[in-house]
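All heavy atoms count here, side chains included; hydrogens, waters and symmetry mates do not.
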Amino acid sequence: MSRTEWILLNPGPANTSPAVKQALVTPDLCHREPEFFQVMRRCRERLVRLACGGGDWSAVLFTGSGTASVEAAVCSAVPPGRSLLVVDNGVYGDRMVRIARAHGIPAEVLSYDIWTPAAPADVARVLRAHPEVSHVAVVHHETTTGLLNPVAEIARVAEREGRRVFVDAMSSLFGEPLDVTAGSMDFVTASANKCMQGIPGISFVLARRGALEALKGQAPRSVYLDLYTHHAAQEKDSTPFTPAVQVLCAMEQALAELETEGVGRRIERYAENARVLRAGMGRLGFEILVPEGARSNILTTFRLLPGLGYDPLHDAMKRRGYIIYAGQGDIRTYAFRVSNMGTLTPTDMGRVVEAFAASLEELGCRAA
Ligand SMILES: *Cc1c(COP(=O)(O)O)cnc(C)c1O
């Protein structure tokens with residue numbers, strides 16, 4: 001096992017504090033004892049408080065990667081006989097379409113290319129044409145490219161059309177401003193290991209209590225990922241299956257650290273990280289592919305320089321302790337991604353730029 005302390009520039013799992021890692025080492029604990037339920041309850045309450053949901057919101061925890069909570073929301077929210085409208089401008093929008101289809105839920109797809117944010121007016125138009133659609137599903141931050149979708153505006157448009165909204169905010173919750181109460185937003189999903197700076201293994205659905213209660217009695221499409229089953233159990237300080245006990249202990253520590261830093265200050269730190277990274281990479285000749293105005297402050301997709309392949313660049317950066325991230329699909333042939341979430345600071349991002357400069361030097365690559 002490598003003992004190198006990598007600097008993770010992939011969009012989660014992100015670098016965590018020493019205290020978060022240490023929180024994994026706890027006395028063995030039974031998940032049906034009050035000591036565990038107290039951890040679960042504190043995490044759920046803190047999540048709602050930090051996301052500014054207010055009293056009529058709740059958090060439902062799932063053991064699994066982020067996709068577990070997305071699948072739980074998609075397969076639980078849409079009532080029988082209704083359908084889902086998915087906004088798709090990247091891998092994660094596309095994943096929601098595949099989840100809907102796997103569960104036999106009819107899905108309308110509003111597609112854009114991966115560099116174009118969704119337009120709320122398009123959502124309104126599709127909703128008017130498709131009265132059978134009960135919910136709109138949209139990704140807040142498309143981690144495919146670093147593109148932000150205007151989810152609050154989409155939720156307001158959907159509310160005017162009498163439909164409810166589900167937002168995948170996996171790589172943006174606590175890293176970008178997000179009003180989870182905007183419009184008809186009912187469900188928002190994220191995981192422990194991205195902007196929360198916890199350990200992978202737990203994801204969650206933030207939800208309006210009314211929307212959760214409305215699922216009661218609806219026939220489940222999944223045994224393991226039914227949202228109401230988990231909600232009802234967790235409300236009674238119980239859990240239907242064995243949760244990732246230690247990961248939740250680490251998540252409690254990560255939430256405490258988030259509370260200390262403050263969500264607003266974390267968002268500002270990430271934004272400063274992105275500014276330092278983008279200014280430095282610009283000096284090295286790297287072009288940002290997402291248009292200005294649609295860029296998140298969490299992840300940047302840079303075009304590879306002429307004659308520079310992804311793999312040599314990845315390996316040169318890795319020799320310096322930095323893990324960059326390939327593009328998904330054919331993007332990897334012309335671009336790569338750098339995330340600035342996790343415990344990274346603007347000073348760290350300055351060092352990242354220096355490592356890129358040294359890597360280019362080593363590879364004999366000069367900016368055009
Ligand atoms: C990371 C991520 C997910 C979940 O991915 P997992 O590998 O299942 O954790 C879902 N949506 C978005 C936008 C993401 O960035």
Visitor: Do you reckon Leu227 sits in the same ILVMFWY cluster as Val74, going by side-chain contacts under 4.5 Å, direct or chained?
Guide: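 Yes: a chain of side-chain contacts under 4.5 Å links Leu227 to Val74.
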Visitor: Under a 3.5 Å threshold, yes or no: a donor from one side chain and an acceptor from the other, between Gln328 and Arg337?
Guide: yes
Visitor: Less than 3.5 Å apart, any donor N or O on the side chain of Arg221 or Ser76 sitting next to an acceptor on the other?
Guide: no
Visitor: Under 3.5 Å, is there a donor on one side chain and an acceptor on the other for Arg44 and Ser58?
Guide: yes
Visitor: Could Glu161 and Arg156 be called an ion pair, given the rule that one side-chain N must be under 4.0 Å from one carboxylate O?
Guide: no
Visitor: State, without any angle test, whether Asp113 and Asn89 hold a side-chain donor-acceptor pair at a distance under 3.5 Å.
Guide: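 There is no such pair (donor and acceptor under 3.5 Å, judged by atom type) between the side chains of Asp113 and Asn89.
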Visitor: Indicate whether any N or O donor in one side chain lies under 3.5 Å from an N or O acceptor in the other, for Ser17 and Glu257.
Guide: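 A donor-acceptor contact under 3.5 Å links the two side chains.
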Visitor: Please check if Ile199 and Ile7 belong to a single hydrophobic cluster, counting links between Ile, Leu, Val, Met, Phe, Trp and Tyr side chain heavy atoms closer than 4.5 Å.
Guide: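 No, Ile199 and Ile7 fall in different hydrophobic clusters.
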Visitor: Kindly assign one of parallel, tilted or perpendicular to the pair Phe241 and Tyr224, based on the angle between their ring planes and the thresholds 30° and 60°.
Guide: tilted
Visitor: Between Glu71 and Arg95, is the closest basic N to carboxylate O distance under 4.0 Å?
Guide: no
Visitor: Would Val276 end up clustered with Leu9 when hydrophobic side chains under 4.5 Å apart are linked, directly or stepwise?
Guide: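 Result: yes, single cluster for both.
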Visitor: Using distance alone, with no hydrogens and no angle criterion, decide if Arg278 and Thr300 have a side-chain donor and acceptor under 3.5 Å apart.
Guide: yes
Visitor: Are the charged groups of Asp186 and Arg208 less than 4.0 angstrom apart, N to O?
Guide: yes
Visitor: Answer yes if the side chains of Ser171 and Lys194 hold a donor-acceptor pair under 3.5 Å, and no otherwise.
Guide: no
Visitor: Should we count CD of Glu362 as having more than 12 external heavy atoms under 6.0 Å?
Guide: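 Count over threshold, so yes.
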Visitor: Partners of His314 by ring pair (Phe, Tyr, Trp, His ring centres under 6.0 Å), sequence neighbours excluded?
Guide: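 For His314 the ring pair (Phe, Tyr, Trp, His ring centres under 6.0 Å) partners, ignoring immediate neighbours, are Tyr310.
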Visitor: Quick check on the hydrophobic clustering: are Tyr325 and Val338 connected, directly or via other members, by side-chain heavy-atom contacts under 4.5 Å?
Guide: no
